[in-house]
2 protein chains.
Amino acid sequence: MDYLQDLFEFLKIDTTSAKGKGEEGAKFIVDYMKNHGIEAELIRHKARNPYIYGEINVGAKKTLLIYNHYDVQPVEPLDKWNTDPFTPTIKEGKIFARGVGDDKGTLMARLQAIIELMKEGKLHVNIKFLYEGEEEIGSPNMEEFLKDYSEKLKADYVLWEGSGKAPNNAPQIVLGVKGLLYVELRKRTSKDLHSMYAPIAQNPAWDLVYLLRSLRTEDGKVLVPHFYDKVKWLSEEEKKYLNIDKKYLEDAIGQNIKDMDAMIKLVSNPTCNIDGIYAGYTGEGSKTVISSYSFVKIDFRLVPDQDPDEILRYLEEYISPYNVELIVHGKVRPYRTSINSEIARALIVSAKNVYGQDPIVLPNSPGTGPMEMIARYLKLNQIADGIGVDYYGSNIHSFNENIYVDDYYKAMSWMKEFLRVI
Amino acid sequence: MDYLQDLFEFLKIDTTSAKGKGEEGAKFIVDYMKNHGIEAELIRHKARNPYIYGEINVGAKKTLLIYNHYDVQPVEPLDKWNTDPFTPTIKEGKIFARGVGDDKGTLMARLQAIIELMKEGKLHVNIKFLYEGEEEIGSPNMEEFLKDYSEKLKADYVLWEGSGKAPNNAPQIVLGVKGLLYVELRKRTSKDLHSMYAPIAQNPAWDLVYLLRSLRTEDGKVLVPHFYDKVKWLSEEEKKYLNIDKKYLEDAIGQNIKDMDAMIKLVSNPTCNIDGIYAGYTGEGSKTVISSYSFVKIDFRLVPDQDPDEILRYLEEYISPYNVELIVHGKVRPYRTSINSEIARALIVSAKNVYGQDPIVLPNSPGTGPMEMIARYLKLNQIADGIGVDYYGSNIHSFNENIYVDDYYKAMSWMKEFLRVI
């Protein structure tokens with residue numbers, strides 16, 4: 001087995017789901033698995049691109065479900081690439097190709113590690129594989145699929161699509177996601193008015209300012225009653241693995257950060273964020289007007305165990321005196337696997353053994369994802385991410401996507417060590 | 001002299017200054033004045049349309065300067081007119097034509113009244129006429145003109161372009177204007193961010209909310225220190241003539257008003273108004289983003305004797321902790337003629353005599369205009385408006401512009417009575 005050669009064959013296949021591609025890549029992988037002795041099949045469900053399901057039953061008590069996706073983001077703008085995105089190229093120790101960081105590289109590194117372990121007879125946990133071909137278009141059919149295939153996918157742990165190196169180059173493990181409540185608040189009056197009526201007329205722009213001011217303090221505390229009731233604040237154990245210098249965060253956001261605990265805040269704080277606001281005249285120069293219409297788009301990032309439906313009810317009650325129209329644009333529940341769970345401990349220990357340093361462990365990502373949905377349908381509570389080939393400069397979703405060759409082999413080693421200790 | 005016939009001839013001439021028209025109308029009026037024994041001339045200064053200057057010197061001690069404009073607004077959308085805008089038409093007691101309400105009707109009614117008084121030998125005040133042809137495009141050359149012709153225009157009082165009937169059908173007198181300070185506040189960071197960074201990143205939209213909240217209370221009080229220092233609150237005498245039911249204001253703004261003193265507030269309160277606000281994503285649905293850019297456009301309407309330059313300094317100092325970029329889009333000084341001045345008393349008394357009811361007297365308009373500039377260049381302090389032919393349904397600047405025939409004759413009578421009592 002030539003690891004990189006096989007990876008490169010996979011990377012050459014265009015699997016841009018946004019352009020309806022994927023089938024060829026799915027067949028390549030299912031054949032690759034079969035050729036190496038893994039039971040595998042294409043499942044044609046409601047998605048346009050088939051799911052790949054595979055299984056290795058070594059008669060163990062525990063089963064690990066590995067999730068990856070074989071589809072990729074569109075490559076445009078093509079002229080920004082230094083190499084052809086579907087012609088994998090090694091330069092200065094890095095592999096450049098679309099999907100090498102997200103998620104074909106990780107898929108292949110994990111798969112090759114498992115094939116090796118099988119051959120060596122050292123696999124002592126049952127493996128299930130689920131490879132999707134619609135992740136990059138938002139997994140629109142995943143919930144239906146989970147509902148219909150929950151029995152087949154039954155497992156004790158789920159290893160998510162991959163998390164490579166943190167900005168400080170330590171291996172990174174992610175044990176959950178934040179949830180989300182996205183609302184739009186709108187305020188209307190009967191008509192636009194000349195601003196000379198300001199002494200007596202209601203102004204929907206001012207109305208929003210006072211409403212917004214009542215939602216959040218200047219230092220970010222959300223003022224909606226009961227908002228924090230169900231927040232599970234981080235334990236000392238969880239904080240221990242968040243020891244990353246704030247300079248990496250400053251680089252990421254392009255702003256100075258005063259707070260020394262920035263990383264802990266980033267992970268653990270639920271937020272109320274203005275995504276967009278509009279009222280009145282927004283063109284060049286001036287117009288003296290009282291707009292008849294204003295709106296604001298707000299996302300609340302939620303942490304375990306906040307419930308977006310509950311938060312929505314608290315919000316509606318709290319802002320009812322303002323008489324605004326409220327539209328819900330999105331609701332996602334947060335999810336977190338315990339840092340003391342078997343999968344978390346196995347990921348942490350194996351990372352230390354392979355990389356010789358403590359991993360960064362995010363109790364949850366600062367972002368949002370469908371982990372809670374998976375936990376719910378598969379009736380399990382151990383979902384974690386780690387063992388990825390990417391790093392902070394991988395340019396995922398962008399041009400010149402790349403990984404380090406060394407990181408590819410390191411990820412293989414981590415996979416094998418993880419499967420040894422779990 | 002056939003009053004309406006002559007008015008109609010004038011209304012037939014297209015004097016849309018925005019379209020470069022006006023010359024023909026100016027010549028018509030200057031000829032009309034000369035034909036009726038008034039010294040008159042076209043003055044070609046920096047404006048594209050000539051000024052008309054006229055004079056009647058009866059050897060009196062006092063001189064009244066009458067200002068009107070002969071240009072009109074564009075008539076578009078033409079298909080909304082029920083009659084041709086340049087074919088004056090009488091229907092149901094009303095004259096329909098572009099400019100009949102603003103300002104050709106008032107110009108002509110006043111002029112015809114003065115010609116009558118001249119013929120009757122009853123004119124006991126010197127008259128100067130100034131007719132402009134660029135009012136509807138913002139009088140861009142007026143200040144230069146005032147500067148160069150201040151000697152020629154020297155007078156004791158100025159009668160402004162015309163104010164007809166208040167919404168309650170009482171004659172309306174206006175003794176001043178509000179001033180204005182129009183600013184835009186902008187806040188930037190280095191780049192747009194995924195909203196997952198909300199726990200640690202600065203959000204320029206939130207920055208504006210807190211800044212705005214610090215500018216004004218929910219009931220409209222401006223919180224900039226020293227903002228109210230120079231406000232001249234209305235006297236009891238001034239309030240007496242503001243006795244207009246709030247229902248007319250409710251009709252005008254399409255909102256319910258709780259405050260019984262709404263008319264007094266409208267006239268006397270300086271304000272801080274949001275004209276426009278923008279940040280982030282304002283399209284359909286949702287996008288989770290921390291915008292790198294936000295701005296708000298604000299107008300402060302100022303009342304006598306607030307000074308926009310002073311208020312700007314107070315504002316800059318007050319908001320300096322917020323570190324926003326401030327752009328000034330406009331500054332106009334407020335102006336108010338005393339209700340006890342000769343011109344105000346003469347307008348009030350003559351209105352009562354002609355209409356048989358108390359006039360509505362606005363110590364200043366809720367809106368803004370260049371009155372202070374005129375007072376400054378002509379070194380006088382008695383500028384007032386009244387004696388107009390329009391009413392609240394005149395559709396000024398809009399389609400189907402109209403006045404009541406009766407109101408035209410009433411305005412002529414008011415002009416004669418005003419000149420008698422002043």
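Numbered from 1 within each chain, the chains take letters A, B, ... in sequence-line order. For the numbers below, each heavy atom of this structure counts, side chains included, while hydrogens, waters and symmetry mates do not.
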Which of B:G330, B:G285, B:S292, B:S365 touches chain A most, by non-hydrogen pairs under 4.5 Å: B:G285
Using non-hydrogen atoms only, which part of [X] is less than 4.5 Å away from chain B: side chain, backbone, both, or neither?
X	result
A:L266	both
A:I257	side chain
A:E184	side chain
A:L249	side chain

Would you give the length of the straight line joining atom [atom1] of [X] to atom [atom2] of [Y], rounded to the nearest 0.5 angstrom?
X	Y	atom1	atom2	answer
B:I277	A:Y278	CD1	OH	11.5 Å
A:L208	B:L212	CG	CG	11.0 Å
A:D192	B:I253	CG	CD1	13.0 Å
A:M196	B:N364	CE	CG	12.0 Å

Determine whether a donor-acceptor pair (N or O, by modelled atom type, separation under 3.5 Å) exists between the side chain of [X] and the backbone of [Y].
X	Y	result
A:N273	B:I290	no
B:T271	A:A198	no
B:Q202	A:Q255	no
A:Y210	B:T217	yes
A:K297	B:T288	no

Steps toward side-chain contact (heavy atoms from CB on, under 4.5 Å) verdict (B:D299, A:S286): CA-CA 9 Å; B:D299 76 78; A:S286 65; over 6 Å; no
Region of B:Y182 that comes under 4.5 Å of a non-hydrogen atom in chain A: side chain
B:T282 versus chain A, the contacting section by heavy-atom distance below 4.5 Å: both
Residue selection (most heavy-atom pairs with chain B, distance under 4.5 Å) from [options]:
options	value
A:S294, A:G220, A:S268, A:C272	A:C272
A:G254, A:P204, A:S291	A:G254
A:K178, A:K191, A:E218, A:K246	A:E218
A:A205, A:P270, A:A279	A:A279
A:L193, A:V296, A:N269, A:L180	A:L193

Crowded around [X] [atom1]? As in, over 12 foreign heavy atoms under 6.0 Å?
X	atom1	value
A:Y392	OH	no
A:N243	CG	no
A:E325	CD	yes

Between [X] and [Y], which heavy-atom pair has the shortest distance, and what is it?
X	Y	answer
B:R301	A:H194	NH2-CE1, 3.3 Å
A:W206	B:L215	CH2-CB, 4.5 Å
B:A262	A:I200	O-CG2, 3.4 Å

A:I274 and B:V209, any side-chain heavy atoms less than 4.5 Å apart: yes
Close side-chain approach of A:P199 and B:M263, heavy atoms under 4.5 Å: no
